[in-house]
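In what follows, a structure is listed as structure tokens, so that the remarks can point back to it.
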Protein chains: 2
Amino acid sequence: MGVTKALVFTEEQYRIAELAKALAHPARIAIIQHLLKEKSCVCGDLVEVLPLAQATVSQHLKELKQIGLIKGEINPPRVCYCINEPVWEEAKSAFGAIFQNDISGNCCN
Amino acid sequence: MGVTKALVFTEEQYRIAELAKALAHPARIAIIQHLLKEKSCVCGDLVEVLPLAQATVSQHLKELKQIGLIKGEINPPRVCYCINEPVWEEAKSAFGAIFQNDISGNCCN
DNA sequence: ATTATTCATCGTATTATTGCAATGAATAAT
DNA sequence: ATTATTCATTGCAATAATACGATGAATAAT
């Protein structure tokens, strides 16, 4: 049955998984793409772009903020969102590190 | 409250989210990393590398296979796993398309 | 034939995610 | 002061993900 080792995952593995999870919903992809497309901060017109209720959009924004991929600047009465550069670069290199691997040497490729 | 538009997400958004979800667990990151590290096919010694029961590892492998990121070749009595090139390249360019964006022009960066 | 090995699948319990209506907080407009 | 706007948060309900023991299927070894 195979021995279950008492090994836990590495910090890196948890972090990549966490970042991936933040991207693991079409609404959050749509939010990110919208923020990337508008080259400046987006002031909460996201609800009109998405087929979701305001509360739901707010939840997705919260998740993206929590992980650090985006940030929201309060600019009453609106809140302006944009990509948060440091974490964005972290994610970029994390995914880059995985996908830059050379897989051509595999016996089955 | 903002008008809820009758818009559904694009195929691309669903696909990226789906691929991200496949990477959204440390065990699956560990599996992928292990397959990348071993330059050839890995014959099911994954259970010994992971702190999880065999059934759980099998589940994670199933998910990765379902999405197409890996493939398993039956080589009785073992099953050999490796990265599945076509989908791997698809994921690589999907994430690349997102992370290659220039965010330096944002008003808040 | 019997037993061992390897891996998948089923059943099930636990926990996490998703979605939205309702409400709250804070400011702007009248 | 009252009302409208903007966005966050709370409180459910429905669904999905996670984990693992138990079992099954298929082959190899004895």
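Numbered from 1 within each chain, the chains take letters A, B, ... in sequence-line order.
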Pairs involving residues 90-101 of chain B, ordered by first then second residue, that meet salt bridge (Lys or Arg N to Asp or Glu O under 4.0 Å) (sequence neighbours left out): R15(B)-E90(B)
How far apart are the closest heavy atoms of L50(A) and A30(A), and which atoms are they? CD2-CB, 3.6 Å
With sequence neighbours excluded, what pairs up with A17(A) under the side-chain contact (heavy atoms from CB on, under 4.5 Å) test? P26(B), I29(B)
Just grab all the salt bridge (Lys or Arg N to Asp or Glu O under 4.0 Å) pairs involving residues 93-103 of chain A, residues at least two apart or on different chains. none
Just the rounded figure in Å: distance from P of dT23(C) to CD of Q54(A). 15 Å
Phosphate contact (dA8(D) OP1 or OP2) by Y81(A) side-chain N/O below 4.0 Å: yes
What does the B/S/- profile of nucleotides 10-19 of chain D look like, 5' to 3', with a 4.0 Å heavy-atom cutoff to protein? B------SSS
Starting at the 5' end of DNA chain C, what dot-bracket string do you get if Watson-Crick and G-U pairs under 3.5 Å are bracketed, crossing pairs use [ ], other-strand pairs use | and unpaired bases use dots? ||||||||||||||||||||||||||||||
Partners meeting side-chain contact (heavy atoms from CB on, under 4.5 Å) with S93(B) (sequence neighbours left out): none
Separation of dC7(C) C1' from E73(B) CD (nearest whole Å): 16 Å
Any ring-ring contact (aromatic ring centres under 6.0 Å, His included) pairs touching residues 20-50 of chain B, not counting sequence neighbours? H25(B)-H60(B)
Could you name each residue pair satisfying salt bridge (Lys or Arg N to Asp or Glu O under 4.0 Å) that touches residues 55-66 of chain B, not counting sequence neighbours? R28(B)-E63(B)
Quick one: does any side-chain atom of N84(A) pair with a main-chain N or O of L69(A) as donor and acceptor, under 3.5 Å? no
